[in-house]
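Notes follow the structure.
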Amino acid sequence: MVLQKRPAYQKFTTILGISFLVLIASVLMLPRVALATNEPAYHEWDKQQEHVGLSHLWFTDRAANGLIPVRQNWKWGFINYQGKFVIKPQFQLARDAFNQGVAVVNRNQLINNKGKVIFQDKSIEYISWFDYGLAIAKKNGKIGYLNTKGKFVISPTYEEGTGFYNQVAMVKKNGKWALINTKGKLLTTFNIEEIDYRIDYRKSGVFPVKIDGLWGSMNYKGQLVVPAEFQNKIEFKGNTLDWGLRRDNHSAIVRQDGLIVSLNEYYSKSGEPQSGLWKIQHNGEGIVDVSGRMVVEPQSDQKVILSGDGSYAVRDMKDESSGWTFYKKDQTLLFESSYTDMQAFSEDLAAVKVNQKWGYVSKNGDIKIPAQYEEANLFQAGSAVIRKNGKYGLIGTRGESILATKYDEMIPLIERTNYMNNQIEKLTTNNPLYRVKLNKSYGIVDSRGNIVMDVKYEMIDLDRTDYYHDIDPIATVQYALKAKDGSISASINIKTGKRIFPAYSMVNYLGDGMYSGVPVGKKSQYVIFNAKGKEVFRSGFEG
């Protein structure tokens, strides 16, 4: 499809009107295929969905059945990967891509992939997307579930409802929740006061529920795997353990399979387990293993350092002259030291402070990298950020310079835990990225000292991290060359540290090897391209 010309304006359309319309478009930053003279009047519900929907549909949804919803002259239609309209623009609203052979348009209509309306009911307030052949539909203020033919399989009798997952959904009645299956059969009674039914919990197979004022965890069969006897929400988001506070105010380690290891006191935990050990605090700090065995009993004024490999260090802070003593995970001695400032081990090296300077020691306590830095950080993928003479750079595990100390600031672009491949996964990389600052300009370098983005931007910030099946984890970075021009984005593969599709910003995976994005510097355009960066569709207007 070629870019269409904007329609001729009516004679009465004034220059002031045009300027105002363009101003509104730029403020809202909503991409449009072609700008109509006058936007049709929408109901409040439509306006809300329109503003949410444009961002949601065009830049985050994967295209089901190879059809992508786009808007032209304020009407919505569907194009294929070649940019051809398979369903011409004719709908006031198209919120979601096709799913299970149907798409929802105009709030209460269903169409097939030929664009034919196969169901409509003006008394329905809205229809959501389809999961397991069912979609939430609201009628007369109540929630029910429609099948793809528009028939209510589950009558609209509920106050609220969730989408289906594992063929079950949560519904609310008289202020309480229950679990139902795809036939509407109750799997639990309406005794659940609060739920958390997000995708974050799908990998674990259990989700938090609150019953009689206390939290537990339920599976998708409606069984309480973890009994509802905790004051805090029990969560297993990509991990198999959580820290609970029981009704008796004693702490407990809670396992995903329902095993509860009760402790005899209230302890606060610090961070997540490291190699089966958990740092805790009760007056002073201590360590417990995940089976509940106390490895280091918390003592008043005691501090501990817990490393990722399970080794740890202990120091009595009451004795200012005492140093840190390091132990292996099995509690055998690694070494005693006179160091009063130390960090955890990373890649078999730990930063220590000697005569107001930082260096690194081995697991024998021997100095491996002389103390010469004003700041020293953990090693990641063979390099660590250090500061010398007021400037930041990178060194290797032998102390060699990887990136000269010349930057005023050096901050890691944090990895994130995301929902990927239908499960919760940790994005990992062998090549961490860092935002650097020199004078008043920002750039990005990788852990090997390579420049990923030149140090010339007035602003750089990590916007989000996504996972695409064929090009690995990608960080979307917002940046601005001149702040007055606003920010745009770039996509960077955080495994390789390389920019991908440099001609486009806001890159997203549509499926089947196809991507969407916005040409850099042209926020109002929308492009679909293949894995080689070849465009198959471009729409929008300049402005």
Hey, does [Y] have a side-chain heavy atom less than 4.5 Å from the side chain of [X]?
X	Y	value
Ile87	Phe85	no
Phe207	Leu179	yes
Arg435	Ile460	yes
Ile118	Val102	yes
Tyr312	Val295	yes
Trp76	Val105	no
Tyr197	Val168	yes

Are the side chain of [X] and the backbone N or O of [Y] linked by a donor-acceptor pair below 3.5 Å?
X	Y	answer
Glu535	Phe529	no
Thr162	Met170	yes
Asn112	Gly115	yes
Ser128	Ala135	no

Return the set of residues passing side chain to side chain contact (heavy atoms under 4.5 Å, CB included) with [X] (not counting sequence neighbours), or none when no residue passes.
X	value
Asp257	Arg255, Leu259
Asp121	Phe119, Ser123, Ile124, Lys139
Ser447	Ala381, Ser383, Asn431, Pro432, Tyr434
Asn147	Leu134, Lys149, Lys151, Val153

Would you be so kind as to tabulate the donor-acceptor pairs closer than 3.5 Å made by side chains of residues 281-289, with sequence neighbours excluded?
from	atom 1	to	atom 2	distance (Å)
His282	ND1	Tyr266	O	3.0
Glu285	OE1	Val304	N	2.9
Asp289	OD1	Ser291	N	3.0
Asp289	OD1	Ser291	OG	2.7
Asp289	OD1	Gly292	N	3.1
Asp289	OD1	Arg293	N	2.9
Asp289	OD2	Ser291	OG	3.3
Asp289	OD2	Arg293	NE	3.1
Asp289	OD2	Arg293	NH2	3.4

- request: Not counting sequence neighbours, which residues clear ring-ring contact (aromatic ring centres under 6.0 Å, His included) with Phe130? List them please.
  value: none

statement: Sorted by chain and number, sequence neighbours left out, ring-ring contact (aromatic ring centres under 6.0 Å, His included) with Phe230 holds for none

Derivation and outcome, ring pair (Phe, Tyr, Trp, His ring centres under 6.0 Å), residues Tyr165 and Tyr132: CA-CA 8 Å; Tyr165 178 73; Tyr132 296 92; 7.0 Å; no

field: Where at least one partner belongs to residues 215-236, residue pairs that pass side chain to side chain donor-acceptor pair (under 3.5 Å), sequence neighbours excluded
entry: Asp196-Lys233, Tyr201-Glu235, Asn219-Gln223, Glu229-Arg246, Gln231-Asn249

field: Verdict with reasoning, Tyr267 to Asn264, per side-chain hydrogen bond (donor to acceptor under 3.5 Å, both in side chains)
entry: CA-CA 9 Å; Tyr267 300 98; Asn264 59 0; 3.3 Å; yes

statement: Contacts satisfying salt bridge (Lys or Arg N to Asp or Glu O under 4.0 Å) that involve residues 262-277 (not counting sequence neighbours) are Lys269-Glu272

- prompt: If you look only at pairs with a residue in residues 159-174, which of them pass as a salt bridge (Lys or Arg N to Asp or Glu O under 4.0 Å), with sequence neighbours excluded?
  reply: Glu160-Lys172

message: Lys329: which residues meet the side-chain hydrogen bond (donor to acceptor under 3.5 Å, both in side chains) condition with it, sequence neighbours left out?
response: none

message: Just to verify, what does Lys138 make a salt bridge (charged side-chain N to carboxylate O under 4.0 Å, His left out) with, not counting sequence neighbours?
response: none

